[in-house]
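Everything below concerns the one structure shown next.
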Amino acid sequence: MFELFHFQTRDTISESKGPNRWDWALLPLALALLGIFAFAAMQMSRPFAVGQALEISLDPLYLPYYLLRTILRMFTALGFSLVFSLVFAAIAAKYAAAEKVMIPALDILQSVPILGFQAIAIAPFIALFPGNLLGVECAAVFAIFTSQAWNMAFSLYQSIRNVPAELKEAAQIFRLSGWQRFWRLELPFAMPGLLWNMMMSMSGGWFFLVAAEAISVAGQDIKLPGIGSYIAVAIEARDGMAITWAIAAMLIGILLYDQLFFRPLLAWADKFRFEESQGETAQQSWLLDWMRNSRLFRSWIARFWRFTGRGLAWFSIKPGEVSIQGNGRFRHPAWTKVWDAILLLSSVYAVYRLLIFIHSDVGWSEVAHVLGLGMLTLLRVLLLIALASLFWVPVAVWIGLRPQYSQKVQAMAQFLAAFPVNLMFPLVVFAMVTFQLTPNIWLSPLMVFGTQWYILFNVVAGAATIPNELRLAADNLGLKGWLKWKRVYLPAVFPSYITGAITASGGSWNASIVAEYVTWGKTTLVADGLGSYIKQMTESGDFHRIALGIGVMCVFVMLLNRFFWRKLYLLAEDHLR
């Protein structure tokens, strides 16, 4: 029913093997992109020693170079995030024993602040590439990876779990092996949602860019050439004009990779939607049209996928190996019990080590204080996610049902999602000092500013997959207003909403470190909460309390996901069955 890649044959294109005018149009663009990124890659690997100053100029003439370095880091991290997501989702969705470990681990990874990952990764990467800037670059790429990968992995996992039963039956009838089923059914089915979440992950990388590129190690501050470091220096200098230039550079960068990367992919992924005719509602991309008209490009792609098809055939099911219904895998009950016992013993040991750490290093009164701060942040997260959902779910459904409009708002939505909350500090500090606003209330919206877009992007992707036949049937039955939303739209986008809400919730906890502790020049505003606690302990260098704050945040996120979001997620799965 699905195939991973296909370019439609055009009768207007000659069958001769020579290049046509579309090839000559694409060639300069392809060579320019290769040359620019090759230059940026060379700049990432040059001699460097810890303590050596890397000057960041606020002159806007340097911004194109900084933008290039930042985008290269983000796309490198996106590539690794995609590979991680494919492996993680395939294993977690197909093996129940692995799922018991991997999904809680994903909850933990999602809740660990980027500062925590950075503290772990910097020293090993620098040791891996001594005397070379590549070690610091790898640490920055890894930090960006941690802001991208978890969202993509969970989205793909959720999509694989929610493949309709009739498609699974068709895969059995066609005798597809597990490998073939993943590439020919599950991944194509998940492609629209995965692409929207890749865009969201790119925006998430922008959101935490300052922390990723402005690195502190061994008492030294390392600011890699990039937009994040430019913003950090501008904030330190209280240079409002430099921040304005940074915003303009971000907007240009997002528009460029939207047109050259995401827009062609979304237009190509339209064929995976559950409707036979798309007509004028299909996504459009001028670059994809050029590629489809390019004779050489189509020839290269055809050869590549013929080779890939032959590779997939190696994993096909041989005649007589299975029945048409397929054989279920036999799992001995004893193995399941042993695995559960191992997980239980590991959990008991972890709790034992935690109790020793609390008793000897931080004290129970400090734990009670941090738990209280965690409850304050929890209330903020739940309230803000609820308010964001009430607003963005209807908007996202409206956009998703009208792809011609989604193309117009796509780049702007990416820009708003990518907008680092640090850039709002001047306005926030000015407003709160001028009007004497309470930080505990008015700093809270900053937590959801960059994470609410997970809800928007996921629901847009879910609404875009609603079959046109279902919408026509609802119209024929005369469903209108709230009844139509209750019976058609909300049930259809509910699984996608849960995915977005889970990632938005985890991202909000992470963003609390930035949102609850705002600094502009010598002015600092602090809201009571777990995020500001971690930020203050990080600045003071109290590693025991940093570990306590991060650990409590992980526990809150895991409990919230387990007893709230997970219940809703299982409800969504039952609805699809």
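Remember, it's a predicted structure, so these values are computed and weren't measured experimentally.
The heavy-atom pair separating Ala515 from Val518 by the smallest distance is O-CG2, 3.6 Å. Contact record, Asn197 with Gly193: ND2-O, 2.8 Å, taken as the closest heavy-atom pair. Scanning all heavy atoms of the two residues, the minimum distance from Met152 to Leu78 falls at SD-CD1, 3.8 Å. Considering all non-hydrogen atoms of both residues, Leu185 and Ala171 come closest at CD2-CB, 3.9 Å. The two atoms that bring Val488 and Ala474 nearest to each other are CG2-CB, 3.8 Å, heavy atoms only. Scanning both residues, Tyr497 and Val393, for their nearest heavy atoms gives CD1-CG2, 3.7 Å.
Taken to the nearest 0.5 Å, the CD1 atom of Ile550 stands 12.5 Å off from the CE atom of Met537. Here Leu194 contributes atom CG and Ser85 contributes atom OG; the two are 7.0 Å apart, rounded to the nearest 0.5 Å. To the nearest 0.5 Å, atoms CG (Leu82) and OG (Ser201) are separated by 10.0 Å. Atom CG of residue Leu560 and atom CG of residue Leu382 lie 5.5 Å apart, to the nearest 0.5 angstrom. Taking CD of Glu166 as the start and CD of Glu169 as the end, the distance is 7.5 Å to the nearest 0.5 Å. In this structure, CE in Met102 is found 10.0 Å from CG in Leu109, a value given to the nearest 0.5 Å.
Here the side chains of Thr438 and Met432 are not in contact, with every heavy-atom distance at 4.5 Å or above. Looking at heavy atoms from C-beta onward, Ile103 lies in side-chain contact with Phe88 at the 4.5 angstrom threshold. Side-chain atoms of Thr499 and Tyr454, non-hydrogen and from C-beta on, never get closer than 4.5 Å to each other. Side-chain atoms of Arg380 and Thr377, non-hydrogen and from C-beta on, do get closer than 4.5 Å to each other. Contact of the Ser389 side chain with the Ile455 side chain is registered, since non-hydrogen atoms from C-beta on lie closer than 4.5 Å. Between Trp453 and Val448 there is no side-chain heavy-atom pair separated by less than 4.5 Å. Side-chain contact between Gln452 and Phe391: absent, with no pair of heavy atoms (C-beta onward) separated by less than 4.5 Å. Residues Leu530 and Leu376 have side chains not in contact (no heavy-atom distance under 4.5 Å, counting atoms from C-beta outward).
By the 4.0 Å N-to-carboxylate-O rule, Glu186 lies too far from Lys168 to be salt-bridged with it. Here Lys480 does not pair with Asp475 in a salt bridge; the nearest charged N to carboxylate O distance is not below 4.0 Å.
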Would you mind writing out the side-chain donor-acceptor pairs for residues 226-234 within the sub-3.5 Å range, not counting sequence neighbours?
unit_1, atom_1, unit_2, atom_2, d
Ser229, OG, Glu213, O, 3.3
Ser229, OG, Leu224, N, 3.3
Ser229, OG, Leu224, O, 2.6
Tyr230, OH, Leu58, O, 2.9

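Side chains of Tyr533 and Glu516: a donor-acceptor N/O pair is absent below 3.5 angstrom, by distance only. No hydrogens or angles considered: nothing links the side chains of Thr524 and Tyr517 as a donor-acceptor pair under 3.5 Å. Judged by distance alone, the side chains of Ser285 and Arg263 never bring a donor and an acceptor atom under 3.5 Å apart. Using modelled atom types and a 3.5 Å distance limit, the side chains of Ser496 and Asn458 yield no donor-acceptor pair.
Residue Phe84 places its CZ atom among more than 12 non-hydrogen atoms of other residues, nucleotides or ligands, all under 6.0 Å distant. The number of heavy-atom neighbours closer than 6.0 Å to CH2 of Trp442, taken from other residues, nucleotides and ligands shown, is 12 or below. With a 6.0 Å radius and a threshold of 12 heavy atoms from other residues, nucleotides or ligands, Trp245 has its CH2 atom at or below the threshold.
Counting only distance, with no hydrogens or angles, the side chain of Thr434 and the backbone of Ala431 share no donor-acceptor pair below 3.5 Å. Judged by distance alone, with hydrogens and angles left aside, the side-chain atoms of Thr503 form a donor-acceptor pair with the main-chain N or O of Gly500 at under 3.5 Å. Checked by atom type and distance alone, the side chain of Asp258 never pairs as donor or acceptor with a backbone atom of Ile254 at under 3.5 Å. Proximity of a side-chain donor or acceptor of Ser532 to a complementary backbone N or O of Asp528 within less than 3.5 Å is not detected. At distances below 3.5 Å, at least one donor-acceptor pair connects side-chain atoms of Asp239 with backbone N or O atoms of Ala242. Checking side-chain atoms of Ser155 against main-chain N and O of Asn151 turns up no donor-acceptor pair under 3.5 Å.
Under the 6.0 Å cut-off for aromatic ring centres, Trp485 and Tyr489 qualify, their centroids lying closer than that. If you look at Trp150 and Phe145, their ring centroids are closer than 6.0 Å. The ring of Phe75 has its center closer than 6.0 angstrom to the ring center of Tyr257.
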Stepwise side-chain contact (heavy atoms from CB on, under 4.5 Å) check, Leu287 with Gln259: CA-CA 8 Å; Leu287 183 58; Gln259 290 294 316; over 6 Å; no
Derivation of the side-chain contact (heavy atoms from CB on, under 4.5 Å) call for Leu156 and Leu86: CA-CA 7 Å; Leu156 187 56; Leu86 293 174; 3.7 Å; yes
side-chain contact (heavy atoms from CB on, under 4.5 Å) between Ile466 and Val397, worked out: CA-CA 10 Å; Ile466 298 177; Val397 170; 5.5 Å; no
Worked check of side-chain contact (heavy atoms from CB on, under 4.5 Å) between Leu387 and Trp392: CA-CA 9 Å; Leu387 294 175; Trp392 285 116; over 6 Å; no
